[in-house]
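Residue numbers run from 1 in the order of the sequence given. Remember, it's a predicted structure, so these values are computed and weren't measured experimentally.
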Amino acid sequence: QVQLVESGGGLVQAGDSLRLSCAASGITFSSYRMGWFRRPPGKEREFVAIITRGGISTSYADSVKGRFTISRDNAKNTVYLQMSSLKVEDTAVYYCAATSRNGVREELHGYDYWGQGTQVTVSS
């Protein structure tokens, strides 16, 4: 079966860096565009970043642009989210997701598979 497993979350201080990983299995990883989303406390799930199948093109939410970097290693079936200059408002459960569709970016329903999430807490 398909599995997306996030790791790397934790408790950090504002200004710190953290790298999240998402390991995929059960899919042809290189055939999927991969995204990261997050759900802050008391809020809806929101788009963070997406990367194309070959890793050439990326796109980010304005709130993380310049601080977060999405990347992937198709040989390892893994997508990463490098987070720098973390802010308290980055506190959320972070999810990775896979979509086989072109043109999907922020639309939750456009993603085929989701991970269970990993908690990131940024303290002041």
Side-chain angles (χ1 to χ4, degrees):
Q1 72 278 20
V2 177
Q3 281 193 309
L4 300 179
V5 180
E6 301 95 338
S7 61
L11 172 63
V12 296
Q13 292 191 324
D16 284 353
S17 298
L18 202 60
R19 189 176 83 155
L20 305 183
S21 300
C22 171
S25 60
I27 59 172
T28 303
F29 184 70
S30 59
S31 296
Y32 288 80
R33 299 161 69 226
M34 298 298 297
W36 283 98
F37 288 75
R38 67 186 181 186
R39 189 182 73 239
K43 297 184 179 181
E44 299 295 317
R45 196 173 302 196
E46 62 185 27
F47 169 78
V48 174
I50 190 170
I51 188 167
T52 53
R53 296 173 181 85
I56 300 301
S57 181
T58 58
S59 180
Y60 299 90
D62 287 343
S63 59
V64 306
K65 201 173 295 183
R67 299 188 299 120
F68 290 11
T69 301
I70 187 172
S71 62
R72 67 191 295 164
D73 186 337
N74 286 348
K76 295 182 178 179
N77 289 355
T78 301
V79 60
Y80 305 96
L81 186 68
Q82 178 68 48
M83 305 185 293
S84 303
S85 302
L86 282 161
K87 304 176 181 180
V88 172
E89 50 264 43
D90 294 319
T91 294
V93 178
Y94 283 73
Y95 302 88
C96 68
T99 178
S100 58
R101 299 166 178 81
N102 293 326
V104 169
R105 182 176 181 266
E106 303 177 33
E107 303 82 359
L108 301 181
H109 65 271
Y111 287 79
D112 302 292
Y113 304 107
W114 291 84
Q116 292 300 306
T118 186
Q119 176 71 47
V120 172
T121 303
V122 184
S123 64
S124 58

Take atom CD of Glu89 as the centre, draw a 6.0 Å sphere, and report whether it contains more than 12 heavy atoms from other residues, nucleotides or ligands. yes
Determine whether the aromatic ring centres of residues Trp114 and Phe37 are separated by less than 6.0 angstrom. yes
Answer yes or no: is there a donor N or O on one side and an acceptor on the other, between the side chain of Arg39 and the main chain of Tyr95, under 3.5 Å? no
Strictly distance-based, threshold 3.5 Å: is any side-chain N or O of Tyr60 a donor or acceptor partner for the main-chain N or O of Ile70? yes
Pair Val104, His109 - check side chain to side chain contact (heavy atoms under 4.5 Å, CB included), show working. CA-CA 9 Å; Val104 169; His109 65 271; over 6 Å; no
For Arg105, all residues meeting side-chain contact (heavy atoms from CB on, under 4.5 Å), sequence neighbours excluded: Phe47, Ile50, Ser59, Glu107
Give the C-alpha distance, both sets of side-chain angles, the deciding distance and a yes or no for side-chain hydrogen bond (donor to acceptor under 3.5 Å, both in side chains) between Ser100 and Asp112. CA-CA 7 Å; Ser100 58; Asp112 302 292; 3.0 Å; yes
Give a yes or no on whether the backbone of Glu6 and the side-chain of Thr118 come within a donor-acceptor separation of less than 3.5 Å. no
Using a 3.5 Å distance criterion without hydrogens, assess whether the side chain of Arg72 forms a donor-acceptor pair with backbone atoms of Thr52. yes
Can you tell me how far apart CE (Met34) and CD1 (Ile51) are? Round to the nearest 0.5 Å. 9.5 Å
Could you check if a side-chain atom of Leu81 sits within less than 4.5 angstrom of a side-chain atom of Arg38, using non-hydrogen atoms only? no
Return yes if some donor-acceptor pair links the side-chain N/O of Ser84 with the main-chain N/O of Ser17 below 3.5 Å, else return no. no
Side chain to side chain, Tyr80 and Thr69, heavy atoms closer than 4.5 Å: no
Please check this pair: side chain of Arg19 against backbone of Gln82, looking for a donor-acceptor N/O pair closer than 3.5 Å. no
Does any N or O in the side chain of Arg67 come within less than 3.5 Å of the main-chain N or O of Met83, such that one atom is a donor and the other an acceptor? no
Salt-bridged, Asp90 to Lys87, with N to O below 4.0 Å? no
Quick one: pull up CZ in Arg53 and CZ in Phe29 and give me the separation to the nearest 0.5 Å. 12.0 Å
